[in-house]
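In listed order, ligands and their atoms are each counted from 1. Count residues from 1 along the sequence.
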Amino acid sequence: MLPEDPIAKHFRLTPLQLSGLKKLRISTVRHLLYHFPARYDEGGTEAPITGLIAGTSATIFGTISKLETRRSWKRKIPVGEAVITDATGSIKVMWFHQPYLAKKFSDGMYVKAVGTVSGKSGKPYLANPQVEAADPSDTGMFLSKNKTRDASLFAVYPESRGITSLWFRHAIEKVFSAGLIFDTISDPIPGDIVSRYNLPDLKRALLYIHKPEELKHAEAARKRFAFEEIFAIQLARAKERAENNAQVSFPIRDGTALAERFLSSIAFAPTKAQERAIADILADFERPHPMARLLEGDVGSGKTLVAAATAYAVVNSRPLGRTSGTLQVAYMAPTEILANQHFQSFVEYFGKLPINIALLTGSGCKKFPSKVAKDNATDISRAQLLKWVANGEIAMLVGTHALIQKSVTFKHLAYAIVDEQHRFGTRQRRALARKGDLTAEQIPIPHFLSMTATPIPRTLSLTLYGDLDLSILDELPPGRAKITTSIVKPGERADAYEQVREQLKLGRQAFVICPRIEEPDPEKWNALQAKSAKAEAKRLAKEVFPEFRIGLLHGSVTAKEKDEVMKRFAAYQIDILVATSVVEVGINVPNATMMMIEGAERFGLAQLHQLRGRIMRSSHKPFCFLLPETKSEISIKRLKALVETDDGFKLAEADLKTRGAGDLFGRKQWGVTDLGMEALKNIKLIRAAREEAQSLVAKDATFAKYPALAARIANTGGLHQE
Ligand code: ADP
Ligand code: MG
């Protein structure tokens, strides 16, 4: 049996089992070995058969009989059946999808069985138990009181229809006893690292994780595999970083003076945090290789200003060795509305400069200044715009995804900025970085700035964004009205509505957010979403706010309809916008100062914080109402963190602790396993993996000496955001 053998070569599988394995993404023996238990059952306490309680796990001893195989009459599933009898009574045993297990035993054998008691209380049965031959003198019930037995541990795996934990235990047993696997599978972690951190080697760890004798062995193995995964991600990032640093870029010499000139031209002073971020970027600009930086700052912390001050330095710089023309900047936003908003901002910021600013989106192009009216932007054709971008006449281009289309080429793209970067896939971001000067001998790569409002816990950014340097805006500009967040108990709903009504009458606007329910099938997910937001919009219009204009926004409308509704909301043609969490990130409707979040406990803290960030955009006082559906004290206590702090980073850390990173970002989105996500809570492990990864890449970025490691990295997820 070899690690890359297809699973079907060694196991007889029904079509249902095949599709079950496919769902779990298991197609080779290696995948099977890397499908780790979610937890371990101790098999419950030994119990007499009479009195077993449904829903608990139990260990019983007795004589097995009535062994048979059949198909269940309802679902046509192959089942193996038997009955186990002890001195107190009998219980039926059922093995679903593995009828052959009934053939492993013979009538009258004495056995030990461990499984979950299922069925209605009157008619319990033991579902998919682990059964093995036992010695009658071993019977727990006859053990003297001071003689105890080691509890055995049973791996419980993430399951799928047709593929039970029991199936996994047998399959793993078969792989292990084939032996050969241990001679052919090689450890991706270099030996010196394994010993430096006292990790079990691959073979031991596989045994420990699937068949631990003690929990501490399983823990050691989990730690090792977590290290392996984080290490592989870190290596992939360190490699990307090394590749980046081998590229050339556009040096920008007088950045500091230029940025200062810009900052003294605007009405307000930058915050300390903005100053630091601007200085970070300008320092990067002076280096010969392209910048790769992430700017992380809470909603409203003023990321656009950082982008503008640094972009100003670029559009005021000449390409190397030239006496005319300027370097170019591209600014990519996730939606048309945002692209429009930023185009307006840059026109305001750079309007007095002798440069052209343009907007490129799917629905049209604009240029500033207009030839006829110097103070206005004008619509231009796409062909004209592309020509001017390609010949360098447009210094600053703002746009949506449209920016990365093949037809868009620049003359001297020196700086690429991506706003709300988590909305774009890695590939899209990289595509923008590849639009440097295509005529140059060694194509210079633009400096690259990613911006995000998602507060990311430190461990997560060190890992998933390990290829990026980090600047953080941890300070809001002064003079913002502080938000009041309150948890609305079921009896207080009417009061909350009255408070909202009062503000609506004063001319403010409100969001009502309906819960997001994690649902694997995206189509179903939308249907579910649409229904609850729709129903809520109807109810509010009829029963609560008949005098106000109510709009609706949810995941199953087209992007165009979504833009349309948002525009009407921004134009104050809608008072209350009922929406799912699809409400555009970063959208600027300063007059919207209220938000009611239904089923608030279903959201992560960081996500709730981002949602409420949408109403913190003006000097009008914002109000956020959390309306949990649950009375669970733990959930309410968790939500209280939002009432008490408005620091996004603190909330993100709290979220990581209480819910795990999986909930924070959606594990699938990152291609990181549960085990890897769990490891993100462990800063020591992250640091160690990072240091090792960096020093290994510094020695040999091709991993020539470590083929198993190179293969592991090729299979590593992370940033699989497409
Ligand atoms: P975000 O980080 O969410 O993208 P923006 O860049 O949209 O934040 O900034 C939010 C608002 O704060 C804008 O109206 C901007 O003009 C304003 N702003 C930014 N920096 C400052 C500052 N230093 N002082 C005062 N207002 C600022
Ligand atoms: Mg922004």
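The shortest N or O to N or O distance between Y349 and ligand 1 is not under 3.5 Å. At least one N or O atom of A269, backbone or side chain, sits closer than 3.5 Å to an N or O atom of ligand 1. Between G297 and ligand 1, no N or O atom pair is found at a separation short of 3.5 Å.
Proximity of S301 to ligand 1, defined as any heavy-atom pair under 4.0 Å, is shared by backbone and side chain alike. With a 4.0 Å cut-off on non-hydrogen atoms, D419 does not touch ligand 1 at all. Contacts of M451 with ligand 1, taken as heavy-atom pairs under 4.0 Å, are absent altogether.
Scanning all heavy atoms of the two residues, the minimum distance from C514 to V578 falls at SG-CG1, 4.1 Å. Residues S317 and I252 approach most closely at OG-CG2, 3.6 Å, considering heavy atoms. Between K482 and P622, the shortest heavy-atom distance links the atoms O-CD, 3.7 Å.
Near T271, with a cut-off below 4.0 Å to any heavy atom, the atoms of ligand 1 are 23 (N). Set against the non-hydrogen atoms of D298, the atoms of ligand 1 under 4.0 Å away are 2 (O). Numbered from 1 in the order shown, with element, the atoms of ligand 1 that lie under 4.0 Å from a heavy atom of P270 read 23 (N).
The aromatic rings of Y312 and F262 are tilted relative to each other, their planes meeting at an angle between 30° and 60°.
The backbone N or O of T271 sits less than 3.5 Å from a side-chain atom of Q274, completing a donor-acceptor pair.
A cation-pi arrangement, defined by a distance under 6.0 Å to the six-membered ring centre and an angle within 45 degrees of its axis, is absent between R501 and F548.
When the heavy atoms of G302, A453, P477 are ranked by distance to atom 9 (O) of ligand 1, first place goes to G302. Considering each of I266, L263, T304, the one bringing a non-hydrogen atom nearest atom 7 (O) of ligand 1 is T304.
Surrounding NZ of K650 are at most 12 heavy atoms belonging to other residues, nucleotides or ligands under 6.0 Å away.
By the 4.0 Å N-to-carboxylate-O rule, R276 lies close enough to D474 to be salt-bridged with it.
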